[in-house]
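It should be emphasised that the depicted structure is a prediction, and the values quoted were computed from it without experimental measurement.
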Amino acid sequence: MFLDKVEAMPAIVLPIEGISITAIANDYKYKDVFARQIEGLMRRKDVMIGISTSGNSENVYRAIKMQKNWEALFSTIRTFMRKN
């Protein structure tokens, strides 16, 4: 339990929005699925976290480029899977 009241903050996980991903991929291209959502949802000074397991995800890269238009804070997490 928190001792002090903490202000609520909105949060969205884009990959969970399956309907949006399908619609955007059908009407545009799969590489734009996150950028189009960022374009519609991002506001100035929002925070965005980009995660790519390969480090080469075009759709994540395009979302990062889109968030720069909003002067948003950005953090990236890039992991690599080891091949056996």
Side-chain angles (χ1 to χ4, degrees):
M1 181 163 76
F2 289 108
L3 298 177
D4 295 323
K5 183 175 179 178
V6 178
E7 183 178 338
M9 295 175 52
I12 298 173
V13 179
L14 296 181
I16 291 178
E17 299 292 329
I19 295 169
S20 298
I21 290 174
T22 301
I24 294 167
N26 287 339
D27 293 346
Y28 295 91
K29 295 177 182 167
Y30 185 75
K31 62 185 176 184
D32 294 320
V33 294
F34 299 134
R36 289 290 295 170
Q37 292 178 79
I38 292 297
E39 182 179 14
L41 297 169
M42 180 76 55
R43 296 297 172 252
R44 190 170 183 265
K45 299 202 177 189
D46 279 355
V47 176
M48 177 185 155
I49 299 173
I51 301 173
S52 171
T53 56
S54 68
N56 297 314
S57 301
E58 180 72 16
N59 51 14
V60 175
Y61 174 73
R62 286 176 173 258
I64 293 167
K65 285 177 60 177
M66 182 59 66
Q67 66 81 28
K68 289 180 180 179
N69 296 334
W70 295 104
E71 299 177 21
L73 300 174
F74 172 73
S75 175
T76 183
I77 299 171
R78 185 172 140 186
T79 62
F80 296 96
M81 308 243 344
R82 185 172 46 165
K83 295 181 182 179
N84 291 330

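- For the pair Ile38 and Met48, the tightest heavy-atom approach, listed with the atom from each and the gap, is CD1-SD, 4.0 Å.
- With hydrophobic clusters built from ILVMFWY side chains whose heavy atoms lie under 4.5 angstrom apart, Ile21 does not share a cluster with Tyr61.
- The cluster map of Ile, Leu, Val, Met, Phe, Trp and Tyr, joined by side-chain heavy atoms under 4.5 Å apart, puts Leu41 and Val60 in the same cluster.
- Annotation: side chain to side chain donor-acceptor pair (under 3.5 Å) contacts of Ser57 (sequence neighbours excluded): Ser52.
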Taking only distance into account, with no hydrogens and no angle test, what donor-acceptor pairs under 3.5 Å do side-chain atoms of residues 23-36 form with protein atoms, sequence neighbours excluded?
from: Asn26; atom 1: ND2; to: Thr22; atom 2: O; distance (Å): 3.3
from: Tyr28; atom 1: OH; to: Arg36; atom 2: NH2; distance (Å): 3.0
from: Asp32; atom 1: OD1; to: Arg62; atom 2: NH1; distance (Å): 3.1
from: Arg36; atom 1: NH1; to: Glu39; atom 2: OE1; distance (Å): 3.0

